[in-house]
Structure formats: structure tokens, C-alpha cells
S.K.: 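The structure's right below; bear with me while I get my questions together.
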Amino acid sequence: MKAELEQSLAEAVKALFAVDQAVELTRPEEQFGDYATNVALQLAGQIGKKPREIAETLAEKLRADLEGRVSDISIAGPGFINLRLSDTALAGMLRGEPAKFLQGKTVVAEYSDPNPFKVLHAGHLYTSVVGDAIANLLEQAGATVHRVNFGGDVGLHVAKAMWAIERELGGEVPAKLDEIPEAERADWMAAAYVKGTQAYEAGEPAQAEIIALNKRIYQLHTDGDHDSPFAQIYWTCRQWSYDYFDAFYARLGTKFEKYYPESQTAPLGLQTVRQHTGDVYTESDGAVVFDGEKYGLHTRVFINSEGLPTYEAKDVGLIMKKWQDYHFDTSVIITGNDIIEYMKVVLKSIEQFQPELAERSRHLTHGIVKLAGGTKMSSRKGNFLRAVDVLAAAGEANRRLVGQDNQQIALGAVKYAFLKVRMGGDIIYDPEESVSLEGNSGPYLQYAHARARSILAKAGSEGAPVQDFEAGERSLARKISEYTEVIDKAAAELMPHHLCGYLYELAQTFNRFYEHNRVVGDERQDVRLALVVAYAETLKAGLGLLGIASPDKM
RNA sequence: GCGCCCGUAGCUCAGCGGAUUAGAGUACUUGGCUUCGAACCAAGGGGUCGCAGGUUCGAAUCCUGCCGGGCGCGCCA
């Protein structure tokens, strides 16, 4: 409806003033109407007339052109044109489908990116929740989405963990791993990583030993060694990590199509960087670097003087592997914002030899999850908030409030808290208070859904087609009709928070309607039931895109 | 030092390809359950949109400069 009206308005403008001017409709406050445009103000400069005069002329023509679809057109303020839809037009928008503007496109969505041998912290929870919602929005827009996950199963952090694990086991004794209970594996490895890091930072002799171990781990991959005692320990612990990740994602309700372990992207990255050393990358102090300064960026090392690929080369390999696997139209990469400049350098280097890969890559970033008080969480120091701690805090808060620990509600509360703010900056998470489950929250939306389902269950009918609305009904219908426009915007901008804001307004509008309008037993029951059905389905669909469940009862 | 991001109500945040009266939530004050679920609804107080200039008929929104905070800047990821 919106696009059609915009088209009609642009045609009217052209017919009256002989000007090609794109017309953009916005959703104004309800008192002004259903749609508004400031096109008269934009035209004023171009055709040298007063905005209100232009608006009057345009409105006159539109009243005839839009007959049937629009019931009222008014001019307000400096020259806004406010449109009010006819009830029949509005009723027709109640069950609209979002546009499939990415139909036929292939998108690779990479997010979460935890490292094996390390613990999942609150930041991983955040990026997993946001990444999943963005992938859902892309799918809703018609794209074929491949969710992938990148992680460092090789590298210094692994060497640090392995160094400590060997000491825990009393040497290279893989059989001793059997003594670690399954439930404790993830914590046990996380503790080893922390010990290894502390030893590394304390200096020699551990530092040299860990560096040697790092080379050995790369070598293990090069040789395809799965049999030596050292390799057995490595592969077993690595698998424990992936099991731990999978369990966590299952709990969140997200699922990855593929993991790209760094051990698999490193060889291709190394080979690619070597291949372009000379024309794109340059040798410097025994390392291979990309001179980003030429492009207003900074210089970074892609292969270190040990001959090992750094994160940079592994990322080059990753992007190339994704391309080989999917030939994507767009590659969305979601990470923390601390690597914005880093990513620019990597993409700029790739642009030099395969420009389409850089062009099709879109780096979205988010800030860190902070504890109230400004504490940064660092898994290196061991004083951080784990992902499971966040979920536990939400469950605990919910139990205190309603006497039961409902996973769907606790998870919905956490997801919504993360999704409702615009992605980019840091988010403040207060384990004690931010999951209070009140106000603009996931549980509020879930409750607003359950209330509607409760009415429908009681009525046992889905109402009848709507012809006209009373004021309260119309407000709800108007809000429901915005759904497809919001989805289009959220998907186009890859910003789920737009959807959150809208769903909250939708639920609020419904709760207001619920308060003032009896449904079951009222003489307008049929109309109102039809509205409640449309509302419940819309809210459920929206929450679904956010990865939040819509229980019928709670 | 250079680069990127951020600064809106006590707190947490929307709004930022300019435009109808700066909005939510929370906290605070007050009212509403014999009627479809009160995890709800209604009303109220609370803002020099960091500061100063500039562009514009019109700036929280665009430009410049400051101030304050965060992050990044060669062998970590």
C-alpha cells in the first residue's frame, strides 16, 4: 500500500508541476493520519511557490486520484500532507506479507565466532542472538542464508591452553582425559586457558614453551597427525569445545550450517598471501605485511617472521573459502567493533586481487557487553561474565517474579534486552536489575501475545472480515498495518532493533485496546476477533524473526 | 600523535539520508481488578538533545572547531 501510494503521489506531482520528485511517505503520529509526506516543502524551492499552496493544489488532485483508498487528506504545519486511509484499505493491510526484495540472493552470515579451548562469554551470547535475528530478517526478505561460524582452533591461545592441559594431565597422557567428567569439560578447559595465559604473561620459561607448542600445533595440522599422544589430547579437547558450542547454540535456538576452523582457512590464506607477496603484500623485517598506509589505513602483519599465518591471513583464507563454497551475493560478517579498522585493512588487501569479494562483504559490528559499573569482561583474565551466567541470571530473576523458571521466558528476556538497542555501541548489562522482566521487555511482549490467545481460546472463533472500525479498533488496525513496512526497513538496514521498537508499540496498542474494548460477548465481537487474530499472528511472526518464542500461555 | 565510534530525562535507550508539539522504559507521585489474564491500563512531574560557531525558511539530525568517554594503530585474536 505504501509503495503504491508513493507512486500515485509522484505521478500527481509530475502531472501538476512537471517535476520528477520521489515521494516518501512516513508514518506520523496517529492524530495526523496514517501516512504523511513533506513533498510540498521539498518542491517549494524547485518551483518557487509557497509550500502550503503547493500542498493545497496537490491535495485537491489527490482527493480524486486516491478515492477509495484514502478517506481524508489534510494540510498541516508548514505544508505537510497527511493522508488517512479508508477503513476498507486499512482492513486489507491486516495480513500483509513483507516484500521479498532479496529473492534469489545468496547471503553468507558469519557470527558468534567463539574460539575452541576458550569459554563462551556474554559477548558470544550477544553476537549469537543478534546474528541469528539478522539472518532471520534476510531470510524473510527472500534471501538464501548460510549461517557460518569462524573460530581459532590454532593459534597462540590454543597453545596456552594446551600448555596448561599437559601440566594438568601430568604429561602427554591422553588417557587421563577420561577422568574429566563430561559436564566439567568446558570449565576445565577454560581454567586451563586461564592458567596458560597467566604463565605466558609471567614470562620465561613458559613463554618460550608456549611459542614452541604453537608451532607444533600448526605442524600437527600440516601432518594430519591424529595419533601421537599430543595430537590425541589436542583433537579430543578440540572436539569437546565444538560439542560445548553446539549444546549452547541448541539452547539458544540457533544453528550453524558450517564451522570454519582457522586450521582450515590458514593454508588457503597463507597460500594466497604468499602468491600475492610482491604485488599486494610486502616483506618487512622477516614478516609479510600489507601496507595499509597507502590507502589511509594502517599496516598489518599477515604472516609473522616465524612463517605462521596471523589472524589476518586466516581471514583472507576464510573469505576466499566462503566464496568457493557459496559464491555469495553478500557476505555479512558480524563481530565486535574493536576490529573495524583491522577488517578494513584485510578487505582492502583482498580488494587488490579479487575486488568483488571486498565489495560484497559487509562488516557489521557491535560493542561489548558491560557489567553495570563499566567493567570490561575479558576471558584472558578470568574475571568475566560467562554466557551461561547471563542466562542463569535471567532465569533466576524470572523465578523470583513468578515462582517458576520458564526457559522460554528467561531466554526471551535476554534476547530482547540485547536486540532492542541499536547495534554498534556497548550495551550495559546488569545481572541483577536489567532482567527485571517489566516494561519494554521480551516477557511484556510474550504476555501481550498470551492474552490475545486467551481471548481467542475463549471465543472459539476467528471472527469475520472487517468493513469498518470504531476508534479503538482502528488504532490497533493501524499499528498492525505497519508491520510489513517495519520488516522491510529492518531487513534492508540489517537492524533488528527497529522491529523490537515496533513490536513493543504494537503490544502496547493492543493492551490499550484490550483495556477499553470488550471482545467476547460484545456486539462487535466478530470484527474484534478478526483484529485479535491479525494482531496475535503479527506479533508472533515478529517475535519469531527475533528468535523469541510466543507461548500461548505463561 | 593519527584514525574510527560515542555523548538526548536521575538511570537504560529510541529518534540522526533536516520538517507537524524532542519520545519510550525505568525510578518517583497518583488513580483503576465482582466483567476476555493487573507480568496490565490511565494521569502527573522530570530534557540548555556535551559546548561553541556555521549552512537552512526550519538542525537532536548536515558541516567545522573544542570538551569528555571508548576502541584501534607490525609480528595476539
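Reminder, nothing fancy here: chain letters follow the sequence lines and each chain counts from 1.
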S.K.: Nearest whole Å is fine: how far is B:C73 P from A:Lys348 NZ?
M.R.: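 In whole Å, B:C73 P and A:Lys348 NZ are 19 Å from each other.
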S.K.: Nearest whole angstrom, please: distance from the C1' of B:G37 to the NZ of A:Lys553.
M.R.: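 Rounded to whole Å, this separation is 11 Å.
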S.K.: Given B:G25, is OP1 or OP2 found less than 4.0 Å from the side-chain N or O atoms of A:Lys420?
M.R.: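 Answer no for this pair, as no side-chain N or O of A:Lys420 is under 4.0 Å from OP1 or OP2.
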S.K.: Using a cut-off of less than 4.0 Å, is there contact between a side-chain N or O of A:Asn511 and OP1 or OP2 of B:C41?
M.R.: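 Answer yes for this pair, as a side-chain N or O of A:Asn511 is under 4.0 Å from OP1 or OP2.
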S.K.: When you check the side-chain N and O atoms of A:Thr299 and A:Asp291, is any donor under 3.5 Å from an acceptor?
M.R.: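 Yes.
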S.K.: What I want to check is whether an N or O donor and acceptor connect the side chain of A:Thr310 with the base of B:C75 at under 3.5 Å.
M.R.: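 Counting by modelled atom types and ignoring angles, no donor-acceptor contact under 3.5 Å is found here.
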S.K.: Just to be sure I understand the rule, does A:Arg518 reach a base, reach only the sugar-phosphate, or reach nothing, if contact means heavy atoms closer than 4.0 Å?
M.R.: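 Counting heavy atoms under 4.0 Å across all strands, the contact made by A:Arg518 includes a base.
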S.K.: Figure out the CD1/C1' separation between A:Ile217 and B:A77, and round it to whole Å.
M.R.: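 In whole Å, B:A77 C1' lies 14 Å from A:Ile217 CD1.
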S.K.: Any side-chain donor-acceptor pair under 3.5 Å between A:Tyr234 and A:His221?
M.R.: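 Looking only at side-chain atoms, A:His221 and A:Tyr234 do form a donor-acceptor pair, the distance falling under 3.5 Å.
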S.K.: With both distances under 3.5 angstrom, what nucleotide forms a Watson-Crick or G-U wobble pair with B:G7?
M.R.: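 B:C67 is the nucleotide pairing with B:G7.
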S.K.: Please state whether the rings of A:Tyr242 and A:Phe245 are parallel, tilted or perpendicular, taking 30° and 60° as the class boundaries.
M.R.: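 A:Tyr242 vs A:Phe245 ring planes: perpendicular.
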S.K.: Tell me the interatomic distance from A:Tyr416, atom OH, to B:C13, atom P, rounded to whole angstroms.
M.R.: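 In whole Å, B:C13 P lies 14 Å from A:Tyr416 OH.
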S.K.: Taking pairing as Watson-Crick or G-U wobble with both contacts under 3.5 Å, can you name the mate of B:C62, or confirm there isn't one?
M.R.: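 Pair assignment: B:C62 / B:G54.
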S.K.: Can you tell me whether the side chain of A:Ser284 and the base of B:G74 have a donor-acceptor pair closer than 3.5 Å?
M.R.: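 Looking at the base of B:G74, it does pair with a donor or acceptor on the side chain of A:Ser284 (distance under 3.5 Å).
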S.K.: Counting any heavy atom closer than 4.0 Å, what does A:Gln446 reach on the DNA or RNA strands: base, sugar-phosphate only, or nothing?
M.R.: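 No contact.
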S.K.: What's the closest nucleotide to the side chain of A:Lys458 if the choices are B:C36, B:G25, B:C40?
M.R.: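 Of the candidates, B:C36 comes closest.
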S.K.: Less than 4.0 Å between a side-chain N and a carboxylate O, is that true for A:Glu537 and A:Arg453?
M.R.: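 Here A:Arg453 pairs with A:Glu537 in a salt bridge, since their nearest N and O are under 4.0 Å apart.
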S.K.: Starting at CD of A:Gln42 and ending at C1' of B:U56, how long is that distance when rounded to a whole Å?
M.R.: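 So the CD-C1' distance, A:Gln42 to B:U56, works out to 14 Å.
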S.K.: When you measure from the side chain of A:Val421, which nucleotide among B:A14, B:C75, B:C40 comes out closest?
M.R.: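 For A:Val421, the side-chain atoms sit closest to B:A14.
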S.K.: Using a cut-off of less than 4.0 Å, is there contact between a side-chain N or O of A:Gln508 and OP1 or OP2 of B:C40?
M.R.: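 For B:C40, neither OP1 nor OP2 has a side-chain N or O of A:Gln508 closer than 4.0 Å.
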S.K.: Just the rounded figure in Å: distance from P of B:C40 to OH of A:Tyr535.
M.R.: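 Distance, rounded to whole Å: 12 Å.
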S.K.: Nearest whole Å is fine: how far is B:C76 P from A:Phe117 CZ?
M.R.: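 Roughly 19 Å, once rounded to whole Å.
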S.K.: Nearest whole Å is fine: how far is B:A39 C1' from A:Tyr514 OH?
M.R.: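 The distance from OH of A:Tyr514 to C1' of B:A39 comes to 12 Å, rounded to the nearest Å.
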S.K.: Looking across every strand, which nucleic acid part, if any, lies under 4.0 Å from A:Asn406 by heavy atom: base, sugar-phosphate, or nothing?
M.R.: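 Answer is nothing: A:Asn406 stays at 4.0 Å or more from every strand.
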S.K.: Which nucleotide sits closest to the side chain of A:Gln31: B:U21, B:G15, B:A77?
M.R.: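 Selected nucleotide (nearest to the side chain): B:U21.
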S.K.: Under 6.0 Å between the ring centres of A:Phe290 and A:Tyr295?
M.R.: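 Yes.
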S.K.: Measure from the side chain of A:Val289, starting at C-beta and using heavy atoms only, and say which of B:A24, B:G74, B:U20 lies closest.
M.R.: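 Ranking B:A24, B:G74, B:U20 by closest atom to the A:Val289 side chain puts B:G74 first.
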S.K.: B:C41, OP1 or OP2 - any side-chain N/O from A:Tyr444 closer than 4.0 Å?
M.R.: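 For B:C41, OP1/OP2 do have a side-chain N/O of A:Tyr444 under 4.0 Å.
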S.K.: Would you find more than 12 non-hydrogen atoms of other residues, nucleotides or ligands less than 6.0 Å from A:Glu470 atom CD?
M.R.: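 Enclosed: over 12 neighbouring heavy atoms sit under 6.0 Å from CD of A:Glu470.
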S.K.: Just call it for A:Pro51: base, sugar-phosphate, or nothing, with non-hydrogen atoms closer than 4.0 Å on any strand.
M.R.: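 Answer is nothing: A:Pro51 stays at 4.0 Å or more from every strand.
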S.K.: Is the distance from OP1 or OP2 of B:G37 to the nearest side-chain N or O of A:Arg453 less than 4.0 Å?
M.R.: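 Checking B:G37 against A:Arg453, no side-chain N or O comes under 4.0 Å of OP1 or OP2.
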